[in-house]
Amino acid sequence: MDQEVKIVVKKLSKDDVLNNFEEISNLLQQSYKVSFTESQIEKNYFYNKVDSLARYISENKAIIYGAFNKKLIGILWCYPRVFLNEKRLHVNHFVIKDSFRGLGVGTLLIKEVEQHAKNSGIEAIDLMVTSNSPSVKFYEQNYFFVERYQMLKRL
């Protein structure tokens, strides 16, 4: 990592989410542009997602870690679930600001979430990723593997 880039990763509270509302909205919008290239999504959609996230945190239904370099530059939003009697964390959103990709920020976030999972007795982390996303390589490098395929038929 570049010596000028000092990254701090921390678990975010509801207040942290609200204090970084615009940055989180922008990160989610950036993520959707990569994953859903054909879709035009209104800014309000992302504002509603961040509002929901703040509510989920206060209800202990969501966990979010943020990576900061003075400002928020990445998030990993997940929630606990049980799948076939196995305790898991499901990654709902994971995005790093474009200008900070390739600097190890995503790895710092995933390692922090892995430690949280281990400390909480969680046995696995799962997620969905768009098949042609450049993120697939990142996940494979971090020992994720294909468990199932989500398939879709447009009508």
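The structure displayed is predicted, hence computed values, not measured ones.
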Locate the shortest heavy-atom distance separating Lys61 from Tyr79; write the atom from each residue and the value. O-CB, 3.1 Å

Please say whether more than 12 non-hydrogen atoms of neighbouring residues, nucleotides or ligands are located less than 6.0 Å from NZ in Lys71. no

Any heavy-atom pair between the side chains of Leu109 and Glu112 that's under 4.5 Å? no

Lys49 atom NZ, over 12 foreign heavy atoms within 6.0 Å: yes

Could you grab the distance from atom CG of Leu53 to atom CD1 of Ile24, nearest 0.5 Å is fine? 6.0 Å

Rounded to the nearest 0.5 Å, what's the gap from NE2 on His93 to SG on Cys78? Could you check? 11.5 Å

Using 4.0 Å as the upper bound for N to carboxylate O, is an ion pair formed by Lys43 and Glu22? yes

Find out if a path of hydrophobic residues (ILVMFWY) with successive side-chain heavy-atom gaps under 4.5 Å connects Phe145 to Ile110. no

Go through the steps to decide whether Arg101 and Val95 satisfy the test side chain to side chain contact (heavy atoms under 4.5 Å, CB included), and finish with yes or no. CA-CA 9 Å; Arg101 289 195 183 151; Val95 59; 3.9 Å; yes

Counting heavy atoms not belonging to Glu42, are there more than 12 under 6.0 Å from its CD? no

Spacing of NZ belonging to Lys137 relative to CG belonging to Asn142, to within rounding of 0.5 Å: 12.0 Å

Does the side chain of Ile96 come within less than 4.5 Å of Ile73's, by heavy atoms? no

Would Val50 and Leu28 count as a side chain to side chain contact (heavy atoms under 4.5 Å, CB included) if you check the C-alpha gap in whole Å, the side-chain angles of each, and the deciding distance to 0.1 Å? CA-CA 9 Å; Val50 178; Leu28 292 174; 4.0 Å; yes

Val91 versus Asp126: any side-chain heavy-atom pair under 4.5 Å? no

Let me confirm one number: the CZ-CG distance from Phe21 to Leu72, rounded to the nearest 0.5 Å. 13.0 Å

Heavy-atom check, side chain of Ser131 versus side chain of Val136, under 4.5 Å: no

Any side-chain heavy atom of Val82 sitting closer than 4.5 Å to one from Arg88? no

Minimum heavy-atom separation for Gln29 and Ile41, please, with both atom names. NE2-O, 4.4 Å

If you take all heavy atoms of Ala117 and Leu89, which pair is closest and at what distance? CB-CD1, 3.9 Å

Check: Leu12 and Tyr65 side chains under 4.5 Å, non-hydrogen atoms: no

Separation between OG (Ser133) and CZ (Phe138), nearest 0.5 Å, reads 11.0 Å

Under the criterion salt bridge (charged side-chain N to carboxylate O under 4.0 Å, His left out), I'd like the reasoning laid out for Glu114 against Lys111: C-alpha separation, chi angles, the key distance, then a yes or no. CA-CA 5 Å; Glu114 286 174 1; Lys111 295 295 180 204; 3.7 Å; yes

Tyr32 ring center within less than 6.0 Å of Tyr45 ring center: yes

Is the centre of the Phe100 ring less than 6.0 Å from the centre of the Phe68 ring? no

Establish, from distance only, whether the side-chain atoms of Asn26 and Gln30 form a donor-acceptor pair under 3.5 Å. no

Would you indicate whether the side-chain heavy atoms of Phe144 and Leu127 approach each other to under 4.5 Å? yes

Do you know which two heavy atoms are closest between Ile63 and Lys11, and how far apart they sit? CG2-CE, 3.8 Å

Would you find more than 12 non-hydrogen atoms of other residues, nucleotides or ligands less than 6.0 Å from Gln150 atom CD? no

Please report the closest heavy-atom contact between Lys14 and Ala54, naming both atoms and the distance. CG-O, 3.7 Å

Show the numbers, then the answer: is there a side chain to side chain contact (heavy atoms under 4.5 Å, CB included) between Phe94 and Ile75? CA-CA 6 Å; Phe94 186 14; Ile75 59 167; over 6 Å; no

Tell me, with the steps shown, if Arg81 and Glu86 meet salt bridge (charged side-chain N to carboxylate O under 4.0 Å, His left out). CA-CA 8 Å; Arg81 73 183 193 123; Glu86 181 180 53; over 6 Å; no

How close do Val129 and Ser135 get, heavy atom to heavy atom, and via which atoms? CG2-CB, 4.1 Å

Within the 4.5 Å heavy-atom criterion, are Lys97 and Leu27 side-chain neighbours or not? yes

